[in-house]
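A short worksheet on the structure shown next.
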Amino acid sequence: MLMLHLPPLKKAQRLVALAALLLLAVLISPTAADGSRIFLQAGNLTDILRQVSLIGIISLSMTFVILTGGIDLSVGSILAFSTAVAAMFLTRGYTTHMAVAIAAAVAASTLAGLLNGVVIATTGIQPFIVTLASMIGVRGLAKWLTSNQNIDIGFGRDLAAEFAAAFREKAVVIGAYALAAAVSWTVLARTVFGRHVRAVGDNEKAALYAGLPIRSTKIAAYLLSGLFTGCAGVLYAAENHQGNPNAGVAYELDAIAAVVIGGTRLSGGQGSISGTIIGTLIMGVLTNMLRLNNVDSNVEMMIKAVIIVLAVAVQRERNTN
Amino acid sequence: MKRAKLLPVLGGTALSLALFLSSCAPAGVPTGDPPKRQFVVAFSQANNAEPYRAAQNAFLTKLLAAQPDLKLVISDAQQDNSKQVAQVETFIRQKPDLLIVAPNERAALTAVMGQAMEAKIPVICLERDILQPNYTSYVHSDNVAIGRLAGQFIVDQLTKKYGKPRGNVVAMRGLLGVEGEINRDRGAREILDRYPEIKIVADPVADWIQAKAKDRMTEVLRAQPRIDVVYGHNDPMAIGAYLAAKELGREKEMSFVGVDGLGGTAGGIRKVLDGILAATFVYPLCVDKAAEIALRLLHDPGFRPEKEYLLQSVMVTAANAASMYETYSIPGML
Amino acid sequence: MHNVSLPEHLQAVAITKRYGGVCALNAASFSLRAGEVHALMGENGAGKSTLARILAGSTPADGGSISLDGAPVRIASPLDAQRLGIGIVYQELDLFPHLTLAENIVIGNLHFPEGQWIAPSRMRAFCAPFLDQVGLHMDPFLPAAALSIGQRQLLVIARALSMDARILLLDEPTSSLFDDAAERLFALIATLKSRGVSIVYVSHKMDEIFRICDRATVLRDGATAGTVEVPHTTPAELIRLMVGRELQLAPRGMSSPASRNSEEPLLTASNLCTAKLKNVSFDLYRGEVLGIAGLVGSGRSALGAALTGMDRITSGTLTHAGAIGLLPEDRRLQGLMMRMSVLENATLAVLGRLSRFGWIRRQEEQSELAPVMRRLALTCPSLAAPVSQLSGGNQQKVLLARWLLRNPAILFLDDPTRGIDIAAKQDIYRLIQELAAVGTGLILVSSELPELLRCCDRILVLHEGRLAARFAAAEATQEKIMNAATNVAANAAQPC
């Protein structure tokens, strides 16, 4: 009987797993010249938070999408699109206010998300297929817009450089993630929309019979995904000093991994924002721990594979009845 | 029953992970007071997937292994800017004695390499320039110059073939927007454009990848009845084009020119020896120079390195391939 | 009856099963003689389905032992059960909807010769006799999804028969069958019994048990409350064993069908046509309980879909005053969000009212639900408990709560008592009367004719999408309804 299940303790479980990982990271952390553990340095801990913030923000909105029973494969491409739009506005003199550039990038990304949602909700084509198509299409759009060129953001005193300097600040990036997490948690737990998201993913047919607004709920979930991904794209452009049409390749998979490690059912209906945050942190701490110990990056991938399967196996739903 | 099962599972995982890690963790990270000064050199590599990068890793490992007081750690950013930034940040926490960075993309790594400099870690930037001079030394080669060399070689080939510079050329382009692709293309065109009877009849994009080059070349072969030279922006693409031509029985009709000139059995020099490529142009691995600078920096406190080192390419043809193969092949690497 | 002296064929002793902290079975024992029909009874949550699943190898027991003809056996998987000759027909009908009837029968079937080419002709030949036995005269290469719930049940029974089961476990097999299909099943059970097959019949329908069962074992709270010889017991005795006390069946306070002529109907359907309905016309008045009888697939659920706008009305008119609520036929598939809590399920359709600017007002959510729960006698461990932890009866009440909060003028109840225990049924009957008393118009679909006769003012009978007959409750009998529901030469609609 290889059954590993305990639903009532899921949340505690995830925290225990994260705590165990943190403990392990502290125990095996190499030490600095002064004998302190490098892992525990404030700089290192905030490094982790900053490093997970972009995927973290995307995985928050991915949680909503997955809760509706959908999936959004286009987030990596939308992120690239957002970086490209932001950098174009900043470097090509379209505007003199960085807020306009940010708004343009976020609005463009939100529009891409809206398009995903509308197509999914009105045609009934599976989200996997629709977002696979937009993953390809939006990537093409980003490359076309930029003529395949990275749009570099310099280090001078111009608008673009000021933008990058402001938005690559650790505090700003981590703050943005924290804000997005708080908003996501509140929306899912406290609003009618959040309740509808879970209901639609749990049992779409029953949602239909109960007269719930299934279409607009789905559209809103993908729109949110576009919006959050657009914000992550703005942060990416600042952090990497560029608009990059090739950015974000395979980010959708990292985001999905964080969501499922956080205990959200891939088929929808069950999951939580807190779980996703913990899932994101688990992956971030794990990466940092392995890097600090200079573990071979191929081995790193193998360990992550084991962690993903293990995390989902431990949280598997028990078979009722 | 369920609750009781979880803890052993988690505990077991943690334990095995810990054991595994302790066996993996190199002892070279400074942990105490070693009897002799032990130096750590950290190398942040853009990716491990390209043969050129793998050769860099192997060559640098070989060069530094000869130094008993020196420990090399390499991280692989898997072609992801954010990953590489994170890895460099982690290196900064570890305070290595020297940091070598092969940036995935120029803008993305600029700031974090500046942080390394602020942390008083000497930084050697390899091959790809960054936006600000946030490095101790920059070691690179010149892709435009390589392009020009290749262009000139093509002109000579065609002149030999027809008595004057004329003929049809196919260019196999790498990933668009990348510096190597832009400059290898630009350099070659600078030369070829001088001869109106030399035509570039097709320039498909194959993203540096041999398999894609074979597919793209197949299409070109269907469309072009006569091709004289294929110029691959790297050796694998030239080889992919060769395979496509061979499949259609047309490989004798044209000659193939590549760039990179790696050693080893899979490298471009071997392909020149085998008669597949007419020529390849060595794109310097740069790590030999980096190793040289590193050793002097660490061992000689008075050493002030140059801000920039430009490494020259070497043309490899059938005439010098055998000796070049000796020089550029690394034992233990295929 | 005459086989009292037969030896025990299958014996399960001290079977225990826990789900988390809940003890589904607590040292329950059960024994089955060869060639008998043995009723396994109990209220929902008593553990009878769990016991059936353990005997069929689909759920592992935590403790206890099982022996077959005196030799201990281990039933660790459904395949083990199949080898031992134990077949099961689940209440939820474990079918592959996208596979054909034939494929559903041969898949995993040890009696379909292995290692040979699965030619369509071979599948047809293998399946035909079993489909025939259960009266499913259909093309074996139709997908199972094309079948109605009742027909799917027949298919699962055919599959169990094709596995040559010597012991057949039927888990509430008639809960969705109409009487003619049930009759066919009873005849089938008699045939099987005469061939020496032992049958475990999980049910709480008294009339069936007294018709076809030899013995009955009653489970209460996961333990065996007693085993009785059916010919020597009474329904009252069985109910006492099930609920641990005598149950008073409340008499139906039949509202007098006053003259409706002067009154505006709440709902008028005239010549209503959809893909599944043809020219259905009727009125529904305030405070009326209108029964809908008909075989599975006769259009009774399609009527609900038409009234609530799920199915497109192709011709005819529908006018109604006020909202129409629909309690769907299958509460798991069409009604409940199984992973959401009692509270969330109940308030789902009225969140607009319980929120301000999209924010849920959680105090009001709870305070609005509380009186409805009391009215329904809905019991649950907590409002935050997922509905999957509730019994079938309480799950149905959660769905009813959803509609009561909506307070619709018209409520369409599609087989609301299917598969729920007696006490919960009583609560639902009481609620129907209370709603009618305050003027709600109710349409009640049911597979159980006595239920319709007890609860309704008028009864409409559907046959193949058409209105076959209409009766005033006072003049209706089970016989008349059955005739109308099955007779192809439909009776002329009688006025009432």
Side-chain angles (χ1 to χ4, degrees), chain A residues 1-11 13 64 66-69 183 185-214 216-217 220 224 263-272 275 315-321, chain C residues 19-22 24 49-50 53 58-60 62 76 90-92 304-305 308-310 323-341 343-345 347-362 365 385-389 399 402-403 406 414:
Chain A
M1 297 223 288
L2 272 165
M3 303 257 174
L4 318 157
H5 35 54
L6 69 167
L9 291 172
K10 267 183 197 161
K11 246 179 208 164
Q13 247 182 59
F64 282 88
I66 290 179
L67 276 174
T68 66
V183 167
W185 186 87
T186 322
V187 166
L188 185 61
R190 294 279 189 267
T191 68
V192 176
F193 167 66
R195 192 78 61 85
H196 284 172
V197 162
R198 286 167 51 223
V200 167
D202 191 328
N203 191 340
E204 188 167 336
K205 198 163 216 171
L208 181 72
Y209 277 80
L212 303 190
I214 297 175
S216 57
T217 302
L224 190 71
T264 296
R265 262 171 114 240
L266 201 49
S267 49
Q270 192 164 47
S272 65
Q315 298 179 69
R316 208 166 43 135
E317 252 181 296
R318 72 171 168 185
N319 303 317
T320 34
N321 310 312
Chain C
Y19 288 113
V22 183
S49 288
T50 306
R53 280 167 188 277
S58 56
T59 298
D62 295 333
Y90 295 106
Q91 194 180 351
E92 290 85 4
T308 51
M310 300 273 171
I324 305 180
L326 170 65
L327 189 83
E329 180 183 18
D330 189 322
R331 61 176 171 269
R332 281 169 165 271
L333 291 181
Q334 302 163 329
L336 293 166
M337 281 68 186
M338 297 307 282
R339 285 162 206 87
M340 293 176 78
S341 72
L343 177 77
E344 289 168 332
N345 266 285
T347 60
L348 204 50
V350 290
L351 286 178
R353 193 174 82 212
L354 297 174
S355 63
R356 186 180 288 138
F357 307 122
W359 294 81
I360 295 169
R361 295 185 289 184
R362 302 201 296 165
E365 197 183 8
V387 284
S388 56
Q389 287 180 3
L399 264 188
R402 185 186 291 171
W403 288 112
R406 234 2 219 289
D414 196 346

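Letters go in sequence order (proteins before strands), and every chain restarts at 1. Predicted, not measured: the structure shown is a model, and the values here were computed from it.
Contacts between C:M310 and chain A at a heavy-atom distance below 4.5 Å involve the side chain alone, from C-beta outward. Heavy-atom distances place no part of C:R361 under 4.5 Å from chain A, backbone and side chain included. Only the backbone of C:L333 has a heavy atom closer than 4.5 Å to any heavy atom of chain A. With a threshold of 4.5 angstrom between heavy atoms, C:T347 approaches chain A through side-chain atoms but not through N, CA, C or O. Heavy-atom distances place the backbone of C:L336, and not its side chain, under 4.5 Å from chain A.
Here the straight-line distance linking atom CD of C:E365 with atom CG of C:L343 works out to 4.0 Å at 0.5 Å rounding.
Under the 3.5 Å distance criterion, the side-chain polar atoms of C:N345 are left unmatched by any main-chain donor or acceptor of C:L399. In this structure, C:W359 contributes its side chain and A:R190 its backbone to no donor-acceptor pair below 3.5 Å.
The side-chain hydrogen bond (donor to acceptor under 3.5 Å, both in side chains) check on C:R353 picks up C:E368, with sequence neighbours excluded.
Between C:R339 and C:E344 there is no salt bridge, since none of the side-chain N atoms of the basic residue sits less than 4.0 Å from a carboxylate O of the acidic one.
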